[in-house]
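Working notes for the structure below.
Order of the sequence lines sets the chain letters (A, B, ...), proteins ahead of strands, with each chain counted from 1.
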Amino acid sequence: MEIRLLADKCTICGACEAACPYDAVAMGADGPELSEECTVCGACVEACPTEAIYIAGEKASPQPEPRDAAGDVWVFAEQREGQLLDVVLELLGEGRRLASELGVSLACLLLGDSVDHLPQELIEFGADLVYVGSAPELKHYRDDLYAQVMEHAVRQHRPAILLIGGTANGRSLAPRVAARLETGLTADCTGFALDEDGNLLQTRPAFGGNLMATIRCPHHRPQMATVRPKVFPKPARQPGREGQVIALELPELVPWQRILEVVEEADTGPNLAEADIVVAGGRGLGSPENFRLVEELASVLGAAVGASRSVVDAGWVSYPHQVGQTGRTVAPKIYIACGISGAIQHIVGMQSSDVIVAINSDPDAPIFSIATYGIVGKAEEVIPALIREIKGSSSQ
Amino acid sequence: MHIVACIKQVPDPSQARIDRETGLVIREGVDKIINPYDLHALEEALRIKETKGGKVTVLSMGPASAEQVLRDAIAMGADQVILLSDRQFAGADTLATSYTLARAVARLEDVNLVICGKQAVDGDTAQVGPGMAAKLDIPHITQVRKLRELTEDKLVAEKLTDRGYEVVEVPLPAVITVVKELNEPRIPGLRGMMRAKKAEIPVWGPEDIEAEADRIGLKGSPTQVWRTFEPERHRKGEMLEGTPSEQAAALWQRLRSL
Ligand SMILES: Cc1cc2nc3c(=O)[nH]c(=O)nc-3n(C[C@H](O)[C@H](O)[C@H](O)COP(=O)(O)OP(=O)(O)OC[C@H]3O[C@@H](n4cnc5c(N)ncnc54)[C@H](O)[C@@H]3O)c2cc1C
Ligand SMILES: Nc1ncnc2c1ncn2[C@@H]1O[C@H](COP(=O)(O)O)[C@@H](O)[C@H]1O
């Protein structure tokens, strides 16, 4: 597959150059020239007003795997200390929808030791089948053994889709398994759909700007994706729902790693992921001192403190407070964004909040387009006024 | 010890601006820098060399312009750098990138440890480190924040988890990916900068790493960008007008009734 140009149609207008998300088009005297960074994404084709650019040829694929049209949808059922992580249930909701649309079963891959109580829970949250790999060595997550078992299970049962929670463990496991299976993996997806051939359309924010990309993996199976916690809602539990539990045949386990110590550090302050109210601050606050206003407002409201990546990078507040694609995903009842522009990487981490309040001095800031209530103003003036208002009303 | 650091050239995220009219990223005038996490990978490689002796090799795959980050690496103290650059490498997704870098590592001699950044800030996938380890069929540890013990054939490291950290031991060779807490990257000195300026940057293509043609670049990438689009922005909110006090009062009136 490659980008071609109809030179007689090209007016050298530069629309393709501006549209290229990879910075791969340079306008020469005779029209656009492509650099090595071109990925044939087609953005220039769509941007060209004179239809001078087109994509030629079907993408060559290395020995296409025999496609299992009927392959199932799988969710990796990550557990900690015998408890399922919430992201697993969230993925079951999304997986259920995809499996029903494809007319296949929804299955879970559950690894651990003494986890017999979990399959029923997975089934009640939507799984039709649960493959259980049980062994003392699998009690805690380990990259080496979990990857071996997952690869083995996939080769044996050939799912079409494999969804994995974007936890620290999931993000370590998924790329190892995908590379072993020679298949594609899309990180941190925020939405899924199916095309007419049943390929998974995987959408994620891209290119460090306000752009989304939809990724496909048409010639390889399984189609693998990771999804951050809280991106999808948790489905309702259906008590008594029935399904099948199947014991996995385990490969020979070859241990490489030794886990010498597991240390849990206590979370301080209200937990960002669970809080009902989040007050978040961005670079618009102007200084670390002004960021303290955000913390003050949060404490008056009993809220958790969030932040954009800009201020975390600047060291105003620590990384666990970062909201967004590379931080936490939150979905509180109220999210108050102070001095945050609303870049897509931030928005994907908070857009499911029930009520979004935006305080920003720029009336055109993108954050206002998703805000329930918008205040154009200086955060350093509005926040103190709001704190006075709240304190005043609670003392009445 | 032979330590390999993998560094990627990325657009400087602090310069990213959005065109208000089109909602697209403005790219003109945005500098290219070493992926910030990779600076910590390189720094750690240099520190290991300084305490244990040995050699640091730095790899980068990218267009010819990525040569600059390798010069920066020389300025910091890298002994050997290699630019993987060829039209056929272009358009690689994380699988093809993992394969290509792994092939290059396999061509080097007696590598004990490969260090990558936690993730590249342009794509943010964090997939290349573990992918490379899988291709090399050696262990990996992600999100390393501290090396506790390192010998020719064993590493004990602290890795960040979602709820704290774990102490993990692996046999070497292995791949690790590192977070910012690990160290403070050095600023290159004058001598390093002079050396960097004069250095020849060797460029390797597919033949140099004996790569299979259908496993690199766009051809070797199972994932395809099918379409790109601007996110929908549907919520039509209420704007609260007035002085800051009036705005604050109007907001609190609405929030308190929730
Ligand atoms: C791969 C990748 C991943 C990323 N992941 C994340 C992520 O997880 N989370 C995240 O947040 N970002 C992330 N980013 C960064 C993101 O693109 C933005 O750069 C970042 O969110 C911007 O932060 P900000 O809104 O605080 O700063 P800016 O974009 O600088 O916005 C500041 C805003 O404050 C307003 N302002 C100025 N003065 C005032 C004032 N006195 N009172 C009120 N408002 C004022 C301005 O009008 C502006 O809208 C990522 C980027 C990349 C490339
Ligand atoms: N093109 C590349 N050249 C060299 N190293 C890379 C390249 N791409 C990724 N890496 C390494 O892999 C890490 C993770 O990248 P990513 O998986 O793209 O987020 C980076 O921090 C680098 O250390």
Is there side-chain contact between A:Val262 and B:Arg163, with at least one heavy-atom pair below 4.5 Å? no

With a 4.5 Å limit on heavy-atom distance, are the side chains of A:Asp143 and B:His140 in contact? yes

Which portion of A:Arg204 sits near chain B, non-hydrogen atoms under 4.5 angstrom: side chain

Contact class of A:Thr167 relative to chain B, heavy atoms under 4.5 angstrom: both

Indicate yes or no: at least one non-hydrogen side-chain atom of B:Gln119 is less than 4.5 angstrom from one of A:Arg171. yes

Ranked by heavy-atom pairs below 4.5 Å to chain A, first place among B:Leu240, B:Asp86, B:Asp162, B:Val168 goes to B:Asp162

Exactly one candidate in A:Leu386, A:Ile390, A:Val382 meets side-chain contact (heavy atoms from CB on, under 4.5 Å) with B:Leu251; the answer is A:Leu386

Any ion pair linking B:Arg148 and A:Glu261 (charged N to carboxylate O, less than 4.0 Å)? yes

Tell me, for B:Val156 versus chain A, whether the close heavy atoms (under 4.5 Å) come from the side chain, the backbone, both or neither. side chain

Contact check, side chains of A:Ile259 and B:Lys159, non-hydrogen atoms, under 4.5 Å: no

Under a 4.5 Å cut-off applied to non-hydrogen side-chain atoms, are A:Thr214 and B:Phe229 in contact? yes

Measuring heavy-atom distances to chain B, does A:Ile383 have an atom under 4.5 Å in its side chain, in its backbone, in both, or in neither? neither

Give, as side chain, backbone, both or neither, the part of A:Leu301 having an atom under 4.5 angstrom from any heavy atom of chain B. side chain

Are A:His219 and B:Pro222 close enough that some pair of their side-chain heavy atoms sits under 4.5 Å apart? no

Should A:Glu46 and B:Arg227 count as an ion pair when the cut-off is N to O under 4.0 Å? no

With a 4.5 angstrom heavy-atom cut-off, is it the side chain or the backbone of A:Ile387 that approaches chain B, or both, or neither? neither

Counting heavy-atom pairs under 4.5 angstrom with chain A, the leader among B:Leu255, B:Thr177, B:Thr94, B:Thr161 is B:Leu255

Verify salt bridge (charged side-chain N to carboxylate O under 4.0 Å, His left out) between A:Arg228 and B:Asp124, making sure each step is shown before the conclusion. CA-CA 13 Å; A:Arg228 293 275 178 156; B:Asp124 251 321; over 6 Å; no

If you count heavy-atom pairs within less than 4.5 Å of chain A, which of B:Ala102, B:Ala64, B:Pro244 leads? B:Pro244

Contact between A:Val376 and B:Met239 at the side-chain level, heavy atoms closer than 4.5 Å - yes or no? yes

So what's closer than 4.5 Å to chain B heavy atoms on A:Thr326: side chain, backbone, both or neither? side chain

Would you call B:Asp137 and A:Arg180 a salt bridge, using N to O less than 4.0 angstrom? yes

Check B:Pro130 against A:Ser172 and note the closest heavy-atom contact, atom names and distance. CB-O, 3.8 Å

Is there a side chain to side chain contact (heavy atoms under 4.5 Å, CB included) between A:Ile215 and B:Gln224 once you walk through the steps? CA-CA 5 Å; A:Ile215 314 279; B:Gln224 307 171 348; 6.0 Å; no

May I ask you to test the B:Gln127-A:Leu185 pair for a side-chain heavy-atom distance under 4.5 Å? yes

Which bit of A:Gln223 comes within less than 4.5 Å of chain B, counting heavy atoms only: side chain, backbone, both or neither? neither

In terms of side-chain geometry, is the basic nitrogen of A:Arg142 or B:Glu166 positioned less than 4.0 Å from the acidic oxygen of its partner? no

For the student: nearest non-hydrogen atoms of A:Ala178 and B:Leu95, plus distance: O-CD1, 4.1 Å

